[in-house]
Amino acid sequence: MRYDELYRYGVRQLKQADIAEAELDARLLLEYICHTDRNTLLVHGDMEVTPEQEETYVNYIAKRAVHIPLQHLTGEQEFMGLPFTVNEHVLIPRQDTEILVEEAMRHLHDGMEILDMCTGSGCILLSLLHYSNRCTGVGVDISEEALAVARKNTERVLGCEASVSFVHCDLFEKLDQNRKFDLLVSNPPYIPTQVIDTLMPEVREHEPVAALDGKDDGLFFYRKISKEAKRYLYRGAHLLYEIGCDQGAAVSDILRSEGYREIEVIQDFAGLDRVVSAVFVEE
C-alpha cells in the first residue's frame with residue numbers, strides 16, 4: 001500500500017471513532033512506525049510501505065481508536081523541547097505545565113536546590129536541571145512505578161543521576177528533615193473526585209487516577225504541601241504550583257493563610273489561571 005493511502009485509512013478510522021485530532025494522530029503514528037517525518041506525506045506520499053509497517057500501523061490505529069493515548073503507543077512525549085518516556089504509570093506531560101517550568105526558571109539561579117513534589121515522569125524537575133547550572137534536585141512520588149519512569153528520563157535527559165535523587169514516599173513522609181530547598185515546584189493531583197468520571201477517556205481510563213484525584217474539592221494536596229513544606233524551605237524560597245483554571249483564588253488563600261507572601265497567579269497562553277507562585281517567609 002502507498003504511504004498516503006495508509007494515512008487516509010488511519011484518518012478515516014480515527015474520525016469514525018471520534019478522535020479529536022484524527023489527522024494529526026494518524027500522521028504521527030505513521031511517522032513513528034515508518035521512521036519518517038512530516039514532509040514525507042507531502043513529498044513522498046506515493047512511496048510503498050512494507051507489509052510489516054502496514055500491519056503495525058493498522059494495529060496501532062485500532063488501539064488509538066479505542067482512546068489509548070497516542071503517547072502510550074509511541075512511549076514518548078516532548079516537553080520543554082526535551083524527549084520524555086511516558087507510560088500508563090505517569091501523567092503525560094502537557095504544554096500547560098511548561099508554564100510552571102518557565103515561571104520557575106525566572107527564580108532559578110545556579111547552584112540552587114530544587115524539590116519537585118509529586119514528580120511523576122520527572123519532566124518538571126529534569127527540565128529545570130537541564131536548563132540550569134550546578135543545581136541539584138529531589139523528586140518525590142508515592143508511586144514507585146512513576147519513579148522508575150523518572151529514573152529512565154534522568155538518564156535520557158541529563159545523562160547521569162549525579163544531580164538528582166528520587167524518594168518514594170507520601171509527600172514529605174521520608175524526606176530528610178535537615179535538608180532545605182531554594183525552590184519547590186509541584187503539579188499535584190487537583191481534580192475533584194466527582195469530576196474524574198467526566199474527563200475524556202484518554203485521561204479517565206488510561207492515566208493514573210492517583211495523579212489526578214485531588215479529593216473532594218481538588219485542594220487537598222495544596223493544603224497539605226503548603227503547610228508541611230515550610231520546614232524544608234529556606235527563607236525567601238519560592239513555591240510554585242500548577243493549578244486548575246478555576247483554583248487561583250482558592251490556592252492563593254491557602255498560601256496566604258500559611259504565611260506565604262508575594263503570592264501571584266500566572267495565566268497560560270489561553271488567558272486561564274495556570275500557576276500560583278509564592279515566597280516563603282519564616283515565621
Side-chain angles (χ1 to χ4, degrees), residues 1-102 120-124 126-127 130-131 145-146 148-150 152-157 187 199-208 211-212 242 268-270 274:
M1 183 180 288
R2 288 175 22 152
Y3 188 90
D4 55 3
E5 291 174 337
L6 193 56
Y7 165 72
R8 288 194 291 272
Y9 163 82
V11 173
R12 287 196 303 273
Q13 296 300 114
L14 296 185
K15 283 187 173 180
Q16 290 174 9
D18 293 325
I19 300 300
E21 296 185 315
E23 292 93 344
L24 176 62
D25 287 5
R27 177 175 64 79
L28 291 176
L29 282 173
L30 191 55
E31 291 167 4
Y32 172 72
I33 291 164
C34 296
H35 306 289
T36 52
D37 59 35
R38 62 185 307 167
N39 292 323
T40 305
L41 188 62
L42 298 174
V43 181
H44 302 293
D46 59 349
M47 78 174 191
E48 294 291 322
V49 299
T50 68
E52 293 79 13
Q53 289 171 333
E54 179 180 343
E55 180 181 0
T56 302
Y57 184 72
V58 169
N59 181 46
Y60 274 42
I61 286 292
K63 291 180 178 180
R64 183 70 189 99
V66 293
H67 296 274
I68 295 176
L70 173 73
Q71 296 87 346
H72 287 179
L73 298 175
T74 64
E76 182 174 296
Q77 173 64 30
E78 183 179 289
F79 180 82
M80 293 296 296
L82 302 168
F84 285 89
T85 296
V86 295
N87 60 23
E88 69 276 11
H89 299 300
V90 298
L91 292 183
I92 297 167
R94 291 171 169 81
Q95 188 175 16
D96 288 340
T97 306
E98 293 186 354
I99 305 295
L100 173 62
V101 175
E102 291 167 355
S121 67
C123 65
I124 297 170
L126 297 176
S127 295
H130 175 83
Y131 290 115
E145 293 84 359
V149 176
K152 288 181 181 178
N153 283 323
T154 299
E155 297 177 8
R156 189 171 189 182
V157 174
N187 179 17
L199 300 175
M200 59 191 301
E202 282 86 346
V203 178
R204 181 182 70 240
E205 298 172 10
H206 297 284
E207 297 202 66
L212 299 168
E242 179 172 336
D268 59 22
F269 294 118
R274 185 57 56 194

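Remember, it's a predicted structure, so these values are computed and weren't measured experimentally.
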By side chain to side chain donor-acceptor pair (under 3.5 Å), which residues pair with [X], not counting sequence neighbours?
{"X": "T97", "result": "E242"}
{"X": "E54", "result": "none"}
{"X": "R8", "result": "none"}
{"X": "R94", "result": "E207"}

- Which salt bridge (Lys or Arg N to Asp or Glu O under 4.0 Å) pairs, counting each pair once, include a residue from residues 65-85, with sequence neighbours left out? E76-R156

- Test salt bridge (Lys or Arg N to Asp or Glu O under 4.0 Å) applied to R204 - qualifying residues, sequence neighbours left out: none

Could you give the distance from [atom1] ([X]) to [atom2] ([Y]), rounded to the nearest 0.5 Å?
{"X": "H35", "Y": "T40", "atom1": "NE2", "atom2": "OG1", "value": "12.0 Å"}
{"X": "Q53", "Y": "Y60", "atom1": "CD", "atom2": "OH", "value": "12.5 Å"}
{"X": "M47", "Y": "D4", "atom1": "CE", "atom2": "CG", "value": "9.5 Å"}
{"X": "T50", "Y": "I33", "atom1": "OG1", "atom2": "CD1", "value": "10.0 Å"}
{"X": "E5", "Y": "D46", "atom1": "CD", "atom2": "CG", "value": "10.0 Å"}
{"X": "Q95", "Y": "M80", "atom1": "CD", "atom2": "CE", "value": "10.5 Å"}

Listed by chain and number, what are the side-chain contact (heavy atoms from CB on, under 4.5 Å) partners of [X], not counting sequence neighbours?
{"X": "E205", "answer": "P201"}
{"X": "Q13", "answer": "Y9, Q16, I61"}
{"X": "H72", "answer": "I68, P69, E88, I92, H206"}
{"X": "A146", "answer": "V90, D141, S143"}

- Nearest heavy-atom neighbours spanning Y3 and T36: OH-OG1, 2.7 Å

- Message: If you compare all heavy atoms of F84 against all heavy atoms of V157, which two are closest, and at what distance to 0.1 Å?
- Response: CE2-CG2, 3.7 Å

Do [X] and [Y] have side-chain heavy atoms sitting under 4.5 Å apart?
{"X": "F79", "Y": "V101", "value": "yes"}
{"X": "L82", "Y": "S127", "value": "yes"}
{"X": "V49", "Y": "C34", "value": "yes"}

- Just wondering, are more than 12 heavy atoms of other shown residues or ligands nearer than 6.0 Å to CD in E55? no

- Message: For E48, is the CD atom crowded, meaning more than 12 foreign heavy atoms sit under 6.0 Å from it?
- Response: yes

For residues 17-30, please give each side-chain donor-acceptor pair under 3.5 Å, one per line with the distance, not counting sequence neighbours.
unit_1, atom_1, unit_2, atom_2, d
E23, OE2, K15, NZ, 3.0
D25, OD2, R64, NE, 2.9
D25, OD2, R64, NH2, 3.1
R27, NH1, E31, OE1, 3.4
R27, NH1, E31, OE2, 2.8

